[in-house]
Amino acid sequence: MLDKEGIAKRIAREIKDGYYVNLGIGIPTLVANYIPEDIDVVLQSENGLLGMGPFPYEGSEDPDLINAGKQTITMLPGSAVFDSAMSFGMIRAQKVDLTILGAMEVSEYGDIANWKIPGKLVKGMGGAMDLVASAKNIIVAMQQVNKAGESKLLPRCTLPLTGVRCIRKVVTELAVFEIDIQNGGFHLIERAPGVSITEIRNATAGRFFAADDVPEMRL
Amino acid sequence: MLDKEGIAKRIAREIKDGYYVNLGIGIPTLVANYIPEDIDVVLQSENGLLGMGPFPYEGSEDPDLINAGKQTITMLPGSAVFDSAMSFGMIRAQKVDLTILGAMEVSEYGDIANWKIPGKLVKGMGGAMDLVASAKNIIVAMQQVNKAGESKLLPRCTLPLTGVRCIRKVVTELAVFEIDIQNGGFHLIERAPGVSITEIRNATAGRFFAADDVPEMRL
Amino acid sequence: MINKVVKNAGEALADLADGMTLMLGGFGLCGIPENCINELVRKGVSGLTCISNNAGVDDFGIGLMLQKRQVKKMIASYVGENAEFERQLLSGELEVELIPQGTLATRCLAAGYGMPAIFTPAGVGTEVAEGKEVRTFGGKDYLLERAFEADFALVKAWRGDTAGNLMYRHTARNFNPVMAMAGKVTVAEVEELVPEGTLDPDQIHTPGIYVHRIFQGMNYEKRIEQRTVRKYEGLDITKAEDYAG
Amino acid sequence: MINKVVKNAGEALADLADGMTLMLGGFGLCGIPENCINELVRKGVSGLTCISNNAGVDDFGIGLMLQKRQVKKMIASYVGENAEFERQLLSGELEVELIPQGTLATRCLAAGYGMPAIFTPAGVGTEVAEGKEVRTFGGKDYLLERAFEADFALVKAWRGDTAGNLMYRHTARNFNPVMAMAGKVTVAEVEELVPEGTLDPDQIHTPGIYVHRIFQGMNYEKRIEQRTVRKYEGLDITKAEDYAG
């Protein structure tokens with residue numbers, strides 16, 4: 001079973017040389033730590049930056065330079081700054097190669113819910129609805145099972161949706177799934193180290209498909 | 001009867017301090033010569049410039065700096081350059097205070113034709129259709145009578161239209177008119193020096209309205 | 001040119017009245033019009049509809065206006081980290097319309113570019129789509145979203161000139177340029193006001209035609225909302241939640 | 001990063017094929033991708049649809065491609081001053097679609113911003129509106145105009161870096177930034193190619209994410225179409241026509 005760092009590490013393997021990548025808040029942000037040294041990746045921050053670098057060293061924080069999580073950041077050589085309309089313009093036009101974001105629920109048809117829990121204070125969807133509606137290549141990073149032991153990979157989402165039929169790949173603490181958006185179903189393609197297919201099946205409420213010999217993931 | 005310079009001179013009197021003005025090709029361009037010294041006006045060139053200045057001195061022409069008529073120009077202090085989408089964005093959003101353009105025909109309902117003569121080679125509408133469809137304040141500078149002696153202020157345009165019900169003011173070699181777009185009609189508000197109401201009426205094919213005491217224009 | 005330069009926020013917002021709709025630039029606390037917000041609070045106008053990506057924090061930014069109950073309706077994409085906001089929302093004192101961030105930005109752009117409406121896929125199939133027209137282009141569904149209308153747009157720039165031309169610094173740009181284009185009256189406060197002719201015409205982010213009033217701001221606090229620093233090698237993520245915002 | 005830098009126009013356009021749709025930046029002869037056009041002529045691709053504000057002059061710009069009958073269809077706002085263009089148009093060899101300049105620019109913007117269509121009042125009630133949907137917003141009529149699709153966008157910038165970021169100079173900017181955003185493949189030729197990190201991130205006109213290939217152009221002629229100079233005081237208007245273009 002993976003911890004958050006492990007999920008991030010696995011997702012980092014999906015990133016290819018030359019990719020423009022948008023990382024959501026939470027586990028997705030951790031992915032930046034595991035991008036291989038030998039490839040060049042440009043991080044897009046939807047508040048208006050391409051070329052996001054690491055956090056600044058203490059004392060060199062710049063209040064005019066933050067990411068979409070409002071954290072102080074730096075810019076790498078080759079960066080470009082733009083306004084919010086252009087930022088979501090390039091997202092909508094699918095210029096961003098890969099979007100990684102968190103989720104509270106994902107359905108077997110690739111619906112995603114990650115912005116609102118009825119009865120709890122709603123903070124807003126931020127850029128999440130734009131990202132899931134537009135991105136050609138989205139990976140969801142999430143815990144497969146909630147604290148009560150219930151699966152969050154569902155036949156259909158119970159929470160208000162962020163987007164419909166948009167998620168094709170999910171990485172959890174237990175496994176990597178591809179989602180068949182057309183016919184519905186979570187297809188197991190990799191197991192976390194030491195986790196059995198049965199354990200994964202038991203933690204998947206939606207339709208589950210697995211070959212007999214699903215490999216363990218490499219990290 | 002005014003010459004082209006006279007028409008330009010009269011139109012220049014419509015320009016107020018602080019105006020952003022778009023000048024079309026032809027007589028409208030001449031207007032720039034007659035903007036009073038004591039007011040500040042910013043000229044917009046729809047190829048992407050605010051703050052157009054006079055032509056450059058010989059030898060300092062810059063191929064990267066032209067106006068919408070493709071003429072070499074200069075920039076005045078306070079200029080701003082932008083792309084074609086923003087240029088027509090500000091036109092469409094009615095940020096330009098005054099648009100001055102030429103016409104081949106204008107109708108009594110404020111329709112304008114100035115881009116196409118059937119049977120003759122069509123060069124295109126350039127930015128004219130955008131300008132007439134969007135501008136809140138347009139003045140047309142034109143010859144009221146063509147070489148064959150026929151009026152170009154018509155009940156309705158005979159040439160393909162550039163825009164409908166958009167022209168409210170016309171300055172010609174004979175007169176200044178306001179157009180009643182709702183009910184139709186050219187309302188004479190000023191006569192060119194030495195031109196009688198009868199002469200103007202005879203040169204106006206569309207519905208014509210004039211008080212008995214229409215003043216001569218000041219130039 | 002008619003003088004766009006005003007002395008301060010007080011003069012700039014003299015005719016801003018109760019019940020108006022305002023746009024306020026900034027993302028989080030980055031690039032917000034601090035001087036204008038302080039003046040709104042001092043002035044005490046109320047019943048405002050505020051269009052802004054966020055609603056500030058309890059004691060800074062739009063949060064200051066919330067404390068004085070000046071905001072009737074908030075239109076934003078994300079409103080976290082504000083206890084007073086939460087209280088007013090739950091008590092029904094404050095109306096909130098949450099819209100996707102890209103939709104927010106593009107509805108401003110549409111206003112600034114004279115386009116009455118735009119199509120975006122954001123929110124299709126969600127509660128955001130309720131009551132909205134859906135239209136299919138090339139096999140994909142889009143929502144028809146209307147351009148915003150705002151009585152005032154209040155933006156913050158880094159440098160500006162007396163002709164109203166603006167330049168922004170780093171990610172303090174964010175919503176400021178699109179809102180600057182969208183106000184019936186646009187007020188720009190700048191860290192440095194320079195004579196026209198000082199700024200490179202090729203480097204203007206907001207052409208002066210969009211700006212009606214400009215003033216040299218003062219006492220910028222530029223508060224940092226999430227101070228994150230690199231103590232070790234690599235990133236130091238201390239707050240990891242599975243939240244989208 | 002995957003290397004966006006190519007040696008020259010030949011390498012940049014190696015996979016540009018007969019029958020494709022191209023966007024070409026520039027206004028008149030100002031800011032046109034001279035190196036790319038020369039390569040298109042050398043290469044001899046044909047059956048092209050060209051989206052460009054103008055069609056060059058007889059012996060420069062797109063005019064060179066017209067001479068070699070490489071253009072099947074021209075989509076432009078104004079095509080004056082080109083005898084060969086006129087001949088091909090009258091003989092039916094060349095198809096021409098004239099569209100308002102602002103509509104042209106905004107259909108590019110729409111493509112670059114992922115918007116399938118936009119609304120504009122330009123052309124309402126004219127032959128441009130024929131066959132198009134008209135829709136009323138706030139009592140005003142607008143045409144629904146579709147985003148362009150282009151296999152290649154060929155643009156010319158002043159400076160560019162190896163990450164594909166572009167800066168334009170003066171009014172040579174014009175259509176280049178909006179077309180740069182709109183190509184399935186965008187090729188940028190620049191007067192000066194610099195290493196990434198050289199350009200100020202706040203002063204980038206086209207972020208590199210929109211640019212797929214970039215090269216250092218050479219032998220720029222930058223021909224002037226209407227050389228107008230100030231010999232006397234004031235403006236010296238020598239060509240005054242009542243024409244709109």
Side-chain angles (χ1 to χ4, degrees), chain C residues 30-31 100 102-122 124 133-149 157-159 165-174 176-178 181 184 191 199-207, chain D residues 30-31 100 102-103 105-124 133-149 157-159 165-174 176-178 181 184 191 199-207:
Chain C
C30 179
T103 303
L104 185 72
T106 314
R107 290 174 68 184
C108 294
L109 182 80
Y113 277 14
M115 300 190 292
I118 53 105
F119 292 104
T120 175
V124 168
E133 181 178 329
V134 178
R135 182 147 173 175
T136 308
F137 293 95
K140 183 165 178 152
D141 290 343
Y142 295 83
L143 299 184
L144 181 77
E145 296 274 7
R146 301 293 296 266
F148 280 125
E149 290 185 20
W158 175 48
R159 302 182 79 194
N165 295 304
L166 305 179
M167 295 173 68
Y168 307 91
R169 185 169 173 277
H170 300 355
T171 58
R173 190 181 314 186
N174 56 63
N176 283 299
V178 288
M181 297 192 300
K184 274 178 213 140
E191 289 183 55
L199 305 179
D200 180 350
D202 286 341
Q203 303 302 1
I204 303 299
H205 297 129
T206 298
Chain D
C30 179
T103 302
T106 314
R107 290 174 67 185
C108 294
L109 182 80
Y113 277 13
M115 300 190 291
I118 53 106
F119 292 103
T120 175
V124 168
E133 181 178 330
V134 178
R135 183 149 172 174
T136 308
F137 292 95
K140 182 165 178 153
D141 289 343
Y142 296 82
L143 298 184
L144 180 77
E145 296 274 7
R146 301 293 296 266
F148 280 125
E149 290 186 20
W158 175 47
R159 303 182 79 195
N165 295 304
L166 304 178
M167 295 172 67
Y168 307 91
R169 185 169 174 276
H170 300 355
T171 58
R173 189 181 315 184
N174 56 64
N176 283 298
V178 287
M181 297 192 300
K184 275 179 213 141
E191 289 182 56
L199 305 179
D200 180 350
D202 286 341
Q203 303 302 1
I204 304 298
H205 297 129
T206 298

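Per chain, numbering begins at 1; letters A, B, ... match sequence-line order.
Interface residue D:Tyr142: only side-chain heavy atoms are found under 4.5 Å from chain C. At a 4.5 Å heavy-atom cutoff, the contact between D:Tyr168 and chain C is made by backbone atoms alone.
More than 12 non-hydrogen atoms from other residues, nucleotides or ligands lie less than 6.0 angstrom from CD of D:Glu133.
Between chain C and the residues D:Thr106, D:Leu144, D:Ile118, D:Thr120, the largest count of heavy-atom pairs under 4.5 Å involves D:Leu144.
Of the candidates D:Arg169, D:His170, D:His205, D:Gln203, D:His170 is the only one forming a side chain to side chain donor-acceptor pair (under 3.5 Å) with C:Asp202.
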